[in-house]
Amino acid sequence: MKNYSSSISGFILLGISSNPQMQKPLFTLFLVMYLVTLVGNGLIILAIHSDSRLHTPMYFFLSNLSFMDICFTTVIVPNMLVNLLSETKFISYVGCLVQMYFFMALGNTDSYLLASMAIDRLVAICNPFHYDVVMSPRRCLLLLLGSCTISHLHSLLRVLLMSRLSFCASHVIKHFFCDTQPVLKLSCSDTSSSQMVVMTETLAVIATPFLCILFSYLRIIITVLKIPSATGKWKAFSTCGSHLTVVVFFYRSIIYVYFRPLSMYSVVKDRVATVMYTIVTPMLNPFIYSLRNKDMKRGLRKLRGRIQS
């Protein structure tokens, strides 16, 4: 079979559904979800930066998480919206690799920011007297820079591995963006070594922040259970509720999609699971963090007052 790895011009993205009658309704649905994501996360960022009482490590990480969510969905959704109204649904070879790079880099940065927020809650509940020293602005900045650096190095390695693959007759990606598994399915190269590296490296990069979150919450639970009053227990753990909800939404779909062999890849099921963490979770994050958070509600009211005045 002819090797198209160097001469291939691009791929065809099948999208969410191949049913022509579903294209416009899906376009409307995902456009609304994308706009809600932009507005919701944008308001979170503005509220945090405009209220000095929200200039704390937890909200520093939250504002950066909201910014990453905006970038994360922007890497995928605009191209998907164009393809929903287009007959060709084409993405260039370079464009596919670039989309894959930023998708993984921003998604992994989200993961590490969630781990940083878990560490913040751990220190605040288990070691409150040293909170200002441990979670100093310098250390928060280092956590942010470390999160971005590790994530981008991971993405660079993954894209370099993908660029070495050979693609033969088929160039139709059965997905709505360039993700690793569906692109690997198209390769006529021996992908066993690439799969092994991808699985091992993905396990290390994704499992590290996940285990950090689990360890942090285990310590938090042990500390909270030692508090004598029920009111004190509820007050301590209520500060973690929003973050824990986001963590469950984010990791549930990721574990399902990425921690399985390529032979178990399912087009339909993986599309649904991927929509959950690429589009639905970034859209829900602002609601999760604002509806049950008194500080964020106050910051949003203050922002609304400034806009109206």
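Closest approach of Val36 and Met283 over heavy atoms only: CG1-CG, 3.6 Å. Of all heavy-atom pairs between Cys140 and Phe60, the closest is O-CE2, 3.6 Å. Considering every non-hydrogen atom in both Phe27 and Leu85, the closest pair reads CE1-CD1, 3.5 Å. Ile220 and Ala118 get closest at one heavy-atom pair: CD1-O, 4.5 Å. For Gly42 against Ile70, the heavy-atom pair with the smallest separation is N-CD1, 3.9 Å. For the pair Ser151 and Ser147, the tightest heavy-atom approach, listed with the atom from each and the gap, is OG-O, 2.7 Å.
Within the 4.5 Å cutoff, the side chain of Thr274 has heavy atoms near those of the Phe177 side chain. Between Phe90 and Ile12 the shortest side-chain heavy-atom distance falls below 4.5 Å. Using a 4.5 Å heavy-atom threshold, the side chains of Cys71 and Phe102 count as separate. A 4.5 Å side-chain heavy-atom check between Met100 and Met104 finds at least one atom pair inside the cut-off. Between Asn285 and Ile44 there is no side-chain heavy-atom pair separated by less than 4.5 Å. In this structure, Ile173 and Cys96 have side chains that are in contact, with non-hydrogen atoms separated by less than 4.5 Å. Taking 4.5 Å as the limit, some side-chain heavy atom of Leu54 sits within range of a side-chain heavy atom of Met296. Side-chain atoms of Pro182 and Phe176, non-hydrogen and from C-beta on, never get closer than 4.5 Å to each other.
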For this session: Evaluate side chain to side chain contact (heavy atoms under 4.5 Å, CB included) for Tyr34 paired with Met80, printing each intermediate quantity in order.
Result: CA-CA 11 Å; Tyr34 180 56; Met80 182 182 72; over 6 Å; no
Problem set entry | CA sep, side-chain torsions, deciding dist, call: Asn83, Ile91, side chain to side chain contact (heavy atoms under 4.5 Å, CB included) | CA-CA 9 Å; Asn83 285 341; Ile91 184 169; 5.7 Å; no
Problem set entry | Working for side chain to side chain contact (heavy atoms under 4.5 Å, CB included), residues Leu113 and Thr109 | CA-CA 6 Å; Leu113 285 174; Thr109 303; 4.2 Å; yes
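Between Phe249 atom CZ and Thr245 atom OG1 the span is 7.5 Å, to the nearest 0.5 Å. Going from atom CG of Leu300 over to atom CD1 of Ile48 covers 9.0 Å, rounded to the nearest 0.5 Å. Between the OG1 atom of Thr149 and the CG atom of Leu142 there is a distance of 10.0 Å, given to the nearest 0.5 Å. Rounded to the nearest 0.5 angstrom, Tyr131 OH and Ile125 CD1 are separated by 10.5 Å. A distance of 12.5 Å separates OG of Ser155 from CE of Met162, quoted to the nearest 0.5 Å. Rounding to the nearest 0.5 Å places CG of Leu26 at 7.0 Å from CD1 of Ile16.
Side-chain atoms of Ser63 do not come within 3.5 Å of backbone N or O of Ile45 as any donor-acceptor pair. No donor-acceptor pair closer than 3.5 Å links the side chain of Lys89 to the backbone N or O of Leu14. A distance-only check finds a donor-acceptor pair linking the side chain of Ser163 to the backbone of Leu160 [under 3.5 Å].
Placement of Val123 and Ile221 within a single hydrophobic cluster is found when ILVMFWY residues are connected by side-chain heavy-atom separations under 4.5 Å, directly or transitively. Val275 and Leu35 fall within the same hydrophobic cluster, defined by Ile, Leu, Val, Met, Phe, Trp and Tyr side-chain heavy atoms under 4.5 Å apart, directly or through other members. Leu218 and Leu211 are members of different hydrophobic clusters when ILVMFWY side chains are connected at heavy-atom separations under 4.5 Å. No continuous path of hydrophobic side-chain contacts links Leu153 to Leu144 [ILVMFWY only; heavy atoms under 4.5 Å]. In terms of hydrophobic clustering, with Ile, Leu, Val, Met, Phe, Trp and Tyr side chains grouped at heavy-atom distances under 4.5 Å, Leu114 and Met276 are assigned to a common cluster.
Tested against Asn108 for a side-chain contact (heavy atoms from CB on, under 4.5 Å), the candidates Met68, His154, His152 yield a single pass: His154.
The aromatic rings of His243 and Tyr217 lie parallel to each other, their planes meeting at an angle below 30°, with 60° marking the opposite boundary. Taking the six-membered ring for Trp and thresholds of 30 and 60 degrees, Phe250 and Tyr277 have ring planes more than 60 degrees apart, a perpendicular arrangement.
Within a 6.0 Å radius of CZ in Phe67, no more than 12 heavy atoms belonging to other residues, nucleotides or ligands are found.
A donor-acceptor contact closer than 3.5 angstrom links the side chains of Ser111 and Tyr251.
The distance between the ring centers of Phe72 and Phe103 falls below 6.0 angstrom.
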